[in-house]
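Index from 1, following the sequence.
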Amino acid sequence: MSENSFGRLLRVTTWGESHGPAIGCVIDGCPPRLKLSEDDIQPWLEKRRPGQSRFTTQRREPDEVRILSGVFEGQTTGTPISLMIENTNQRSRDYGEIARQYRPGHADIAYDLKYGIRDYRGGGRSSARETAMRVAAGAVARVILRELVGPQLVIRGALTGIGEQSVDRARWDWDEVERNPFFSPDAAMVPLWGEQLDAVRKAGSSIGATLEVVAEGVPAGLGAPVYGKLDAELAGGLMGINGVKAVEIGDGLGVAKLHGQENADPIRPSENPMEPVFLSNHAGGVLGGISTGQPVVARMAIKPTSSILIPVPSLTRDGEAVDVRTRGRHDPCIGIRAVPVAEAMMACILADQLLRNHAQCGWL
Ligand SMILES: Cc1cc2nc3c(=O)[nH]c(=O)nc-3n(C[C@H](O)[C@H](O)[C@H](O)COP(=O)(O)O)c2cc1C
């Protein structure tokens, strides 16, 4: 069984556990002769790295990436690109109790039910430490997209809500996302979310969030009917991020409340027949599983951090009832650090679909 890989022509495999010596990934299928160095990857890892503000976990993970293969004299060679990050911040003592207790909301019980064995240190393979490698792979995917499509293809993510407090879309400003510790596109939410998270942390609790990833400048034609649809692959890839419990493309669940004339995006002619003008984007840039040239829009809901100080009833491995409080260093809202991970998944899926489109349709 091989369930640690995704992508067809750009195939990403991740490996490693939270408290093993290292985590890594292998990216197979990257076109040759693209400029690639650690400097293309490291900035994206910095964005995901914990400990950057008081609103994320204070675990210190330097997350220094090394390219082990697939690059020669600064260029990709067309052979598998292997990336590795050493785990330097393991504090196993934080996790001692979870060897015998199932942390509610975590994968502990599911791994034991399935495999009968689990690396309990920091959640092992189920830990979101693995998402660092998705971010690294996403950086390589961005290089491919930049080279093959151009700088007009821009992938950006933002946090759109924490708990009941959502951004006001009228105040959406992409530049603001870079200026605050929440990746909020709405400056007015920053102090409110700060107060909210301070209160949540003080209560020993955590809170859920919504986020959004938008890819602009995506060429028309990515995605293939009927089992390689772009929206289906995005939904699968984004749902595979730890803690994500819902994914919407475009208006998503909102379409249930619309009438046909409201939902159908009107199309108008333009000078370039290959670039029709859409007057709205309820579809989220995908029709029939194929990109239309409109921005590709995906939204996600991510659950509250399961590791909390408030006790929650659970079981020990021996089946005894126990109340579990999870000590250690955890994000009060994992939605924040999920933003760069979601961007990376979007980049990987688009790059894979781009290569597949070129394989079938040529460079149209
Ligand atoms: C970037 C990121 C960081 C995370 N950090 C934590 C954490 O510190 N504590 C925690 O309980 N869950 C954390 N999670 C979520 C868990 O990894 C996840 O809930 C758990 O593995 C169970 O998987 P599931 O929620 O997808 O079912 C994080 C998720 C992401 C995306």
Side-chain angles (χ1 to χ4, degrees), residues 5-12 14 25 27 29-30 40-41 43-45 47-48 128 130-160 172 174 177-178 183 185 209-224 228-244 246-252 281 283-286 289-302 335-357:
S5 307
F6 69 99
R8 300 271 293 278
L9 288 193
L10 185 72
R11 191 139 181 89
V12 176
T14 71
C25 69
I27 303 154
C30 179
D40 293 301
I41 305 169
W44 302 107
L45 288 165
K47 206 172 159 183
R48 178 203 160 277
E130 183 269 345
T131 62
M133 292 329 297
R134 304 186 193 211
V135 172
V140 176
R142 283 178 189 268
V143 168
I144 297 171
L145 292 168
R146 193 181 61 217
E147 288 296 320
L148 302 191
V149 178
Q152 72 275 22
L153 199 163
V154 178
I155 299 169
R156 293 182 289 201
L159 201 70
T160 52
W172 190 292
W174 279 115
V177 172
E178 306 295 324
F183 303 121
T210 53
L211 45 140
E212 181 164 327
V213 185
V214 180
E216 284 165 291
V218 175
L222 306 197
K229 290 182 176 180
L230 179 59
D231 43 0
E233 293 193 356
L234 277 174
L238 295 170
M239 188 64 111
I241 297 171
N242 308 40
V244 170
V247 180
E248 297 183 328
I249 306 296
D251 282 7
N281 190 15
V286 187
I290 301 171
S291 62
T292 59
Q294 288 238 82
V296 175
V297 182
R299 305 197 173 107
M300 283 141 275
I302 189 157
I336 303 171
R337 289 178 54 231
V339 170
V341 182
E343 290 176 344
M345 291 305 285
M346 172 76 90
C348 289
I349 287 158
L350 288 178
D352 179 47
Q353 285 280 8
L354 183 77
L355 296 177
R356 285 153 65 185
N357 185 50

Donor-acceptor under 3.5 Å (E212 side chain, A158 main chain): no
Over all atoms of both residues, closest heavy-atom pair of P295 and V214: CB-CG1, 4.0 Å
Pairwise distance CG(L238) to CD1(I302) - rounded to 0.5 angstrom: 10.5 Å
L159 to A209 - nearest heavy-atom pair and separation: CD1-CB, 4.1 Å
Non-hydrogen atoms of L211 and V339 that approach each other most closely: CD1-CA, 4.1 Å
Considering all heavy atoms, the nearest A215-I155 contact: CB-CG1, 4.0 Å
Option passing side chain to side chain contact (heavy atoms under 4.5 Å, CB included) with I349 (candidates L234, L10, V296, L222): L234
Spacing of N242 atom CG and R134 atom CZ [to the nearest 0.5 Å]: 6.0 Å
Nearest non-hydrogen partners of V213 and A342, listed with the distance: CG2-CB, 3.4 Å
Student check: side-chain heavy atoms of L153 and P219 closer than 4.5 Å: yes
Exercise: identify the closest heavy-atom pair between A139 and I41: CB-CA, 3.7 Å
Main-chain N/O of P151 paired with R146 side-chain donor or acceptor, under 3.5 Å: no
Side chains of V140 and W44 in contact at under 4.5 Å (non-hydrogen atoms): no
Gap separating the OG atom of S291 from the CG atom of D231, nearest 0.5 angstrom: 10.5 Å
Steps toward side-chain contact (heavy atoms from CB on, under 4.5 Å) verdict (V177, R156): CA-CA 9 Å; V177 172; R156 293 182 289 201; over 6 Å; no
Side chains of E343 and M346 in contact at under 4.5 Å (non-hydrogen atoms): no
Backbone of G7 reached by a side-chain donor or acceptor of E233 within 3.5 Å: no
Donor-acceptor contact present, side-chain R299 to main-chain V247, <3.5 Å: no
Pairwise distance CG(L355) to CZ(R8) - rounded to 0.5 angstrom: 12.5 Å
Nearest-0.5 Å distance, CG of residue L145 to CD of residue Q152: 10.5 Å
Distance (rounded to the nearest 0.5 Å) between L350 CG and L148 CG: 12.5 Å
Heavy-atom side-chain proximity of T131 to R48 below 4.5 angstrom: yes
